[in-house]
Colleague: 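Submitted below is the structure of interest, expressed as structure tokens.
None of these values were measured; they are calculated from a predicted model. Note on naming: letters A, B, ... go to the chains in the order of the sequence lines (proteins, then strands), and numbering restarts at 1 for each one.
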2 protein chains.
Amino acid sequence: MKVTVDIVIFTIQPDELKVLLVKRGIPPFKGQFALPGGFVHEDESLDDAAMRELREETGVSDVYLEQLYSFGDPGRDPRERIITVAYYALISADRSQLAAGTDTTEAAWWRVNKLPPLAFDHRKILDYALERLRNKLEYTTVGFQLLPEKFSLTELQGVYEAILDKKLDKRNFRRKIELLKILKPTSEYRRGGQRPARLYRFAAARFEKLKDKGILFPF
Amino acid sequence: MKVTVDIVIFTIQPDELKVLLVKRGIPPFKGQFALPGGFVHEDESLDDAAMRELREETGVSDVYLEQLYSFGDPGRDPRERIITVAYYALISADRSQLAAGTDTTEAAWWRVNKLPPLAFDHRKILDYALERLRNKLEYTTVGFQLLPEKFSLTELQGVYEAILDKKLDKRNFRRKIELLKILKPTSEYRRGGQRPARLYRFAAARFEKLKDKGILFPF
DNA sequence: CCAAAAGTGTTAGGAGTACACCCATGG
DNA sequence: CCATGGGTGTACTCCTAACACTTTTGG
């Protein structure tokens, strides 16, 4: 019985939630799009395998990675019995440029609400990842993983809106974040638009105390 | 690479949360306690494998079963590389008597806060299952899976208290349940104590509408 | 000076929490 | 009649949601 890992890699690009898909070069499903993934080596843990695949595909490491679910229906791979352990990863906006060497016909970012047909049961995996991400957004700080180190409040709100796929009230959003005391203001501003926006940094330390308080972001 | 399923089977017995453990008859960890489990067959899905093991071990089927997480560190089994897909199951109080044929030195219910040392990484799996159960209790109706079809409000509260391991306020608990409108009163009463207690039935249908409302039971 | 995004307060309604007494039954 | 668990209501606080205008900058 063979075991693979498949990874749903999310990023935010201009207020859009995107996932990385690769074009398959070999059968089955040759020419179709699929999630990046590969076999688990004999001597590595599942997490390590996922991390390795992620690095091979995107060049980044040290990103948020979480195991999702295992899919193992007989017949999910037409060739032989393969069980896959699915993961999802979050890559911040400033690190989601694909390596120059990567042929963009091979690996590319796709908007989550405009996906091509996917190979195997990858559509199911992707939907599951999206659901998990939406849920986790509400009671953890995964949202911050999609932003660069310093970000404006509007950018943060954009992440929430992109993932939840709905508009949020600016004042309520900001008050809620304020109340949580998990952001440290910097003295920098994002210029280039109209009025400059103050940049903040995620203060993870303060968050630890809040974890068992339950819901953090009920937007 | 071999794949197994291991199952954390919970039940409630007199206001105590319990898990089923089996004594290992063969090395490694011979004589120690472990979670029930076994290999995934070539032609069955992961869910089917878990269901089969559950039935073999307890004689019950048609119970709540949910995939938990996959554990696959090299070395978690000293003999060879084995990846296990962990599940947890909930068996209602009225169905948790072990089959007469089962030698009780082989399989027995253990209080979750008074466990023996466990084989492999099963302690980690069990802790994870308990955490998941506690979380799910707050935003789903899994709690009802641990009760017979008809139950009193005090019994329901007992389930919450046993799992969350804390006392709850009777009036607030009842008001909250009332508000959710997910119970249908029956005309039966539980007698035998002092004042008889009205029995209720879980009205699953009404719940469907509430699911996306978020938190249901923030006790 | 105009367009565009940043930033800021108040109010009304609903949910959570804390808390104490009467009721029905069996022995 | 008494011990035991079943059953009920109120007041306060806090969080949520709805809602509109002023400020700062670049062009």
Colleague: Using a cut-off of less than 4.0 Å, is there contact between a side-chain N or O of B:Thr154 and OP1 or OP2 of D:dG5?
Modeller: no
Colleague: If I take atom CG in residue A:Leu168 and atom P in nucleotide D:dT16, what distance separates them, rounded to the nearest angstrom?
Modeller: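 To the nearest whole Å, that distance equals 13 Å.
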Colleague: Using the ring pair (Phe, Tyr, Trp, His ring centres under 6.0 Å) criterion, which residues pair with B:Tyr128? Sequence neighbours excluded.
Modeller: B:Tyr69
Colleague: Expressed as a whole number of angstroms, how long is the span from A:Phe173:CZ to C:dA5:P?
Modeller: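 In whole Å, C:dA5 P and A:Phe173 CZ are 18 Å from each other.
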Colleague: Measure NZ/B:Lys167 against P/D:dG5 and give the value in whole Å, please.
Modeller: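 So the NZ-P distance, B:Lys167 to D:dG5, works out to 11 Å.
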Colleague: Send over the distance from A:Leu179 CG to D:dC14 C1', rounded to a whole Å.
Modeller: 10 Å
Colleague: Select base, sugar-phosphate, or nothing to describe what B:Arg198 touches, counting heavy atoms under 4.0 Å on all strands.
Modeller: sugar-phosphate
Colleague: Can you name the residues that form a salt bridge (charged side-chain N to carboxylate O under 4.0 Å, His left out) with A:Arg111, not counting sequence neighbours?
Modeller: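 Result, salt bridge (charged side-chain N to carboxylate O under 4.0 Å, His left out) vs A:Arg111: A:Glu16.
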Colleague: Indicate whether OP1 or OP2 belonging to D:dC15 is found under 4.0 Å from a side-chain N or O atom of A:Lys176.
Modeller: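 Looking at the OP1 and OP2 atoms of D:dC15, neither is under 4.0 Å from any side-chain N or O of A:Lys176.
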Colleague: Only counting residues at least two apart or in another chain, list the ones meeting side chain to side chain contact (heavy atoms under 4.5 Å, CB included) with B:Gln145.
Modeller: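 By the side chain to side chain contact (heavy atoms under 4.5 Å, CB included) rule, B:Gln145 matches B:Tyr64, B:Leu90.
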Colleague: Do the side-chain N and O atoms of B:Arg52 and B:Ser61 include a donor-acceptor pair separated by under 3.5 angstrom?
Modeller: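 There is no such pair (donor and acceptor under 3.5 Å, judged by atom type) between the side chains of B:Arg52 and B:Ser61.
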Colleague: In whole Å, what is the span from the CZ atom of B:Phe151 to the C1' atom of D:dG6?
Modeller: 16 Å
Colleague: To the nearest Å, give me how far apart CZ (A:Arg174) and P (D:dT16) are.
Modeller: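 Spelled out: CZ on A:Arg174 to P on D:dT16 is 18 Å.
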Colleague: Cut-off 3.5 Å, side chains only: do B:Arg175 and B:Asn172 have a donor facing an acceptor?
Modeller: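 Their side chains do contain a donor-acceptor pair, which is all the 3.5 Å distance test asks for.
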Colleague: Quick one: ring pair (Phe, Tyr, Trp, His ring centres under 6.0 Å) partners of B:Tyr200, sequence neighbours excluded?
Modeller: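 B:Tyr200: no ring pair (Phe, Tyr, Trp, His ring centres under 6.0 Å) contacts found.
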Colleague: Rounded to the nearest Å, what distance is computed from the CD1 atom of residue A:Ile177 to the P atom of nucleotide C:dG7?
Modeller: 14 Å
Colleague: Take atom CZ of B:Arg190 and atom P of C:dG26, then tell me their distance rounded to the nearest Å.
Modeller: 15 Å
Colleague: Identify each atom pair where a protein N or O and an N or O of nucleotides 19-26 of chain D are less than 3.5 Å apart, giving names and distance.
Modeller:
| unit_1 | atom_1 | unit_2 | atom_2 | d |
| --- | --- | --- | --- | --- |
| D:dC19 | N4 | A:Asp169 | OD2 | 3.4 |
| D:dC19 | N4 | A:Arg171 | NE | 3.4 |
| D:dA20 | N1 | A:Arg171 | NH1 | 3.4 |
| D:dT23 | O2 | A:Arg195 | NH1 | 2.7 |

Colleague: B:Phe151: which residues meet the ring pair (Phe, Tyr, Trp, His ring centres under 6.0 Å) condition with it, sequence neighbours left out?
Modeller: B:Phe144
